[in-house]
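Structure first, commentary second.
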Amino acid sequence: MNLWQWFSQHGILTLLIAYIPLIGTVATTVLSLVLARATLRYAESSDKSLALAREEFEREWSPELHLKLEQISSREARLVVTNLGRISVLLQMVQLRKLTMAVPSLRYFLNDPLVGGSTWTDDLGKRFLECTGENYGGVLAASMTFYASGRMFRTDWFRFRVEVRDGRILKLHPESIAARRVRVLETRNSKGKRRRELVMDVAGAAKDHAPSN
């Protein structure tokens, strides 16, 4: 009696043939689960890579301005704006205020382009003393509003230690750099009325949201 006849007599061969489709189904299911898990891992890895690439792109092409006040003479000061980013911007408005004041004591409008990596300067002239007054000792803050990539941004307030006596500038030194990156104020697709309100009073938000006594 050979092996085939022995299996046939005991019904084992029939049983094995009957279980073949089941074994194939189980193997197919296991293989599908393995492939699905590998696909999920690949998708997660692709999402992380895409997020890192997007973050790197935004970091390299996000606008970033640095503001500095320089003393030219005893009665003259200069504003120096450096574009630290790669993207070009369109300067819109300069704001200066004393640290004790909630709203700017000086603001004026611009329409000057600033290419990435370059510097823009403006002699403040009498406007500086109009902001500080004939006698002032304390902190003066400066901020810039500008357009970049169809959106309006505003830098944080750059602070400077100022001492003015009898209309003469005795001290003008940086106290600290801005603590935060530029913030988006408005996009070009927004309504013009709202954009103009932001341009006219972008520093009023701090006063409006200040807790009442």
Side-chain angles (χ1 to χ4, degrees), residues 62-85 87-148 151-186 194-211:
S62 61
E64 191 68 24
L65 300 186
H66 179 269
L67 276 63
K68 182 180 180 181
L69 291 177
E70 294 181 345
Q71 181 178 351
I72 302 176
S73 65
S74 60
R75 296 184 178 273
E76 295 285 340
R78 173 187 298 158
L79 174 64
V80 181
V81 181
T82 304
N83 187 353
L84 302 177
I87 189 172
S88 299
V89 302
L90 183 62
L91 305 180
Q92 290 289 293
M93 181 173 63
V94 177
Q95 297 181 96
L96 298 177
R97 70 177 175 89
K98 299 177 183 178
L99 193 62
T100 56
M101 299 179 64
V103 296
S105 54
L106 171 67
R107 72 177 86 188
Y108 60 95
F109 296 94
L110 306 168
N111 193 34
D112 297 338
L114 181 58
V115 180
S118 60
T119 299
W120 175 90
T121 60
D122 184 32
D123 294 340
L124 297 177
K126 296 181 179 179
R127 289 179 294 194
F128 183 82
L129 295 179
E130 291 175 358
C131 177
T132 60
E134 293 294 321
N135 294 280
Y136 176 71
V139 177
L140 189 68
S143 178
M144 175 69 74
T145 302
F146 60 94
Y147 269 119
R151 294 182 293 177
M152 180 183 289
F153 295 85
R154 190 191 70 187
T155 67
D156 201 7
W157 294 95
F158 289 75
R159 300 179 179 182
F160 303 88
R161 177 65 60 176
V162 179
E163 184 176 350
V164 179
R165 290 291 180 269
D166 298 327
R168 300 176 64 87
I169 304 174
L170 303 181
K171 180 192 297 184
L172 180 55
H173 301 297
E175 185 179 69
S176 65
I177 63 174
R180 294 170 293 182
R181 298 177 65 87
V182 294
R183 291 171 289 173
V184 179
L185 296 181
E186 196 60 77
R194 179 58 179 169
R195 186 190 308 126
R196 182 169 179 80
E197 290 176 354
L198 285 170
V199 172
M200 292 300 295
D201 192 10
V202 292
K207 181 179 180 180
D208 296 337
H209 292 85

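The residues of the chain are indexed from 1 along the displayed sequence.
Rounded to the nearest 0.5 angstrom, F109 CZ and L91 CG are separated by 13.5 Å. Taken to the nearest 0.5 Å, the OH atom of Y147 stands 10.0 Å off from the OG1 atom of T145. Atom-to-atom distance recorded for Q95:CD and L67:CG is 11.0 Å, nearest 0.5 angstrom. Note that CG of L69 is 10.5 Å distant from CZ of F158, once rounded to the nearest 0.5 Å. The CG atom of L114 sits 11.5 Å away from the CD1 atom of I87 when rounded to the nearest 0.5 Å. In this structure, the separation between NZ on K98 and SG on C131 is 7.0 Å, given to the nearest 0.5 Å.
Nearest approach of A148 to S88, heavy atoms of both residues: CB-O, 4.3 Å. Annotation for L172 and F160: closest pair CD1-CB, 4.1 Å, computed over non-hydrogen atoms. In terms of heavy atoms, M93 sits closest to M144 at O-SD, 3.2 Å. Minimum heavy-atom separation, T155 to S143: O-OG, 3.0 Å.
Here R168 pairs with nothing under the salt bridge (Lys or Arg N to Asp or Glu O under 4.0 Å) rule; sequence neighbours left out. With sequence neighbours left out, V139 forms a side chain to side chain contact (heavy atoms under 4.5 Å, CB included) with L99, R159, R161, E175. K68 pairs by the salt bridge (Lys or Arg N to Asp or Glu O under 4.0 Å) definition with E70, not counting sequence neighbours. By the salt bridge (Lys or Arg N to Asp or Glu O under 4.0 Å) test, D112 is found to be paired with no residue, residues two or more places apart in sequence or in another chain being considered. Partners of R165 by side-chain hydrogen bond (donor to acceptor under 3.5 Å, both in side chains), not counting sequence neighbours: none found. In this structure, the side chain to side chain contact (heavy atoms under 4.5 Å, CB included) partners of N111, at least two apart in sequence or on a different chain, are L90, Q92. Remark: D122 engages Y108, R127 in a side-chain hydrogen bond (donor to acceptor under 3.5 Å, both in side chains) (not counting sequence neighbours).
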Inset, instruction - Report the C-alpha separation of L84 and L65 in whole Å, then their side-chain angles, then the decisive distance to 0.1 Å, and conclude whether the side chain to side chain contact (heavy atoms under 4.5 Å, CB included) test is met. - result: CA-CA 6 Å; L84 302 177; L65 300 186; over 6 Å; no
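A donor-acceptor pair under 3.5 Å is formed between the side chain of N135 and the backbone N or O of D166.
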Kindly list each side-chain donor-acceptor pair under 3.5 angstrom involving residues 72-81, sequence neighbours excluded, with atom names and distances?
from	atom 1	to	atom 2	distance (Å)
S73	OG	R75	N	3.4
S73	OG	E76	N	3.2
R75	NH1	G167	O	3.0
R78	NE	D123	OD1	3.0

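Ring geometry for F146 against F153 counts as parallel: the plane angle stays under 30°, on a 0 to 90° scale with 60° as the upper cut.
Residues L106 and V94 form no side-chain contact, since every pair of their non-hydrogen atoms from C-beta on lies 4.5 Å or further apart.
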